[in-house]
Amino acid sequence: MSKEQAVIVHFDYGSTDLKPLFALEAQLEEVLEKTGAGEFDGNEVATDDSDAYLYLYGPDADALLEAVRPTLLAADFMKRATATKVYGELGSDVRREEVQLVP
């Protein structure tokens, strides 16, 4: 098993105000620090603010998603959110599993 696995969260954002996104990131960092499940590595927001990605890394993608799922579901600005669990290093040919978080 790879030492580095990932969870990539993709969602519709649709706002030019990034404060709610930054607040969510701070909450994710706090949860991950408390649980030791991994770390938050950053975001990617479309230039037109239509959608965004959050990148999280840790030794176990399943545990990582379970640690942050309640925090993600509490973010009322997330629309059509999915989480892709990557069971190995990004960029490599490894198993991935997509989970719908918010319809």
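As the structure is a prediction and not an experimental result, all values here were calculated from the model.
By the side chain to side chain donor-acceptor pair (under 3.5 Å) test, E33 pairs with no residue at all, sequence neighbours left out. Every side chain to side chain contact (heavy atoms under 4.5 Å, CB included) that A46 has, sequence neighbours left out, goes to D48, S50, D51. For D12, the salt bridge (charged side-chain N to carboxylate O under 4.0 Å, His left out) criterion is met by R80, not counting sequence neighbours. Residues passing the ring-ring contact (aromatic ring centres under 6.0 Å, His included) test with F40: none are found, sequence neighbours excluded. Residues satisfying the side chain to side chain contact (heavy atoms under 4.5 Å, CB included) criterion with D17, sequence neighbours excluded, are S15, K19, P20. Partners of D62 according to the salt bridge (charged side-chain N to carboxylate O under 4.0 Å, His left out) rule, which considers only residues two or more places apart in sequence or in another chain, are K85. The salt bridge (charged side-chain N to carboxylate O under 4.0 Å, His left out) check on E30 picks up K34, with sequence neighbours excluded. Qualifying side chain to side chain contact (heavy atoms under 4.5 Å, CB included) partners for E98, counting only residues two or more places apart in sequence or in other chains: T82, T84. Shown here are the ring-ring contact (aromatic ring centres under 6.0 Å, His included) partners of Y53, two or more places apart in sequence or in another chain: H10. Partners of E39 according to the side chain to side chain donor-acceptor pair (under 3.5 Å) rule, which considers only residues two or more places apart in sequence or in another chain, do not exist here. Legend: residues meeting side chain to side chain contact (heavy atoms under 4.5 Å, CB included) with D49, ordered by chain and number and at least two apart, are T16, L18, V45.
Grouping the Ile, Leu, Val, Met, Phe, Trp and Tyr side chains by contacts below 4.5 angstrom, directly or via other members, places Y87 apart from L56. Placement of Y55 and V9 in two distinct hydrophobic clusters is found when ILVMFWY residues are connected by side-chain heavy-atom separations under 4.5 Å, directly or transitively.
In this structure, OH in Y57 is found 10.5 Å from CG in L64, a value given to the nearest 0.5 Å. The OH atom of Y13 lies 10.0 Å from the CE atom of M78; values are rounded to the nearest 0.5 Å. Of the inter-residue distances, the one linking E97 atom CD with L65 atom CG reads 9.0 Å to the nearest 0.5 angstrom. Atom CD1 of I8 and atom CD of E44 lie 9.5 Å apart (nearest 0.5 Å).
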*Does the side-chain contact (heavy atoms from CB on, under 4.5 Å) test come out yes or no for L24 and Q27, once each step is laid out?*
CA-CA 5 Å; L24 172 63; Q27 292 172 344; 3.9 Å; yes
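Smallest separation of non-hydrogen atoms from V94 and E89: CG2-O, 4.1 Å. Here the closest heavy-atom approach between residue L101 and residue A83 is recorded as CD1-CB, 3.9 Å. Heavy atoms only, all atoms of each residue included: P59 and A37 are closest at CD-O, 3.6 Å.
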Pairs of donor and acceptor atoms involving the side chains of residues 66-75, under 3.5 Å and at least two apart or interchain, shall be tabulated with distances.
unit_1: E66; atom_1: OE2; unit_2: R69; atom_2: NE; d: 3.4
unit_1: E66; atom_1: OE2; unit_2: R69; atom_2: NH2; d: 3.1

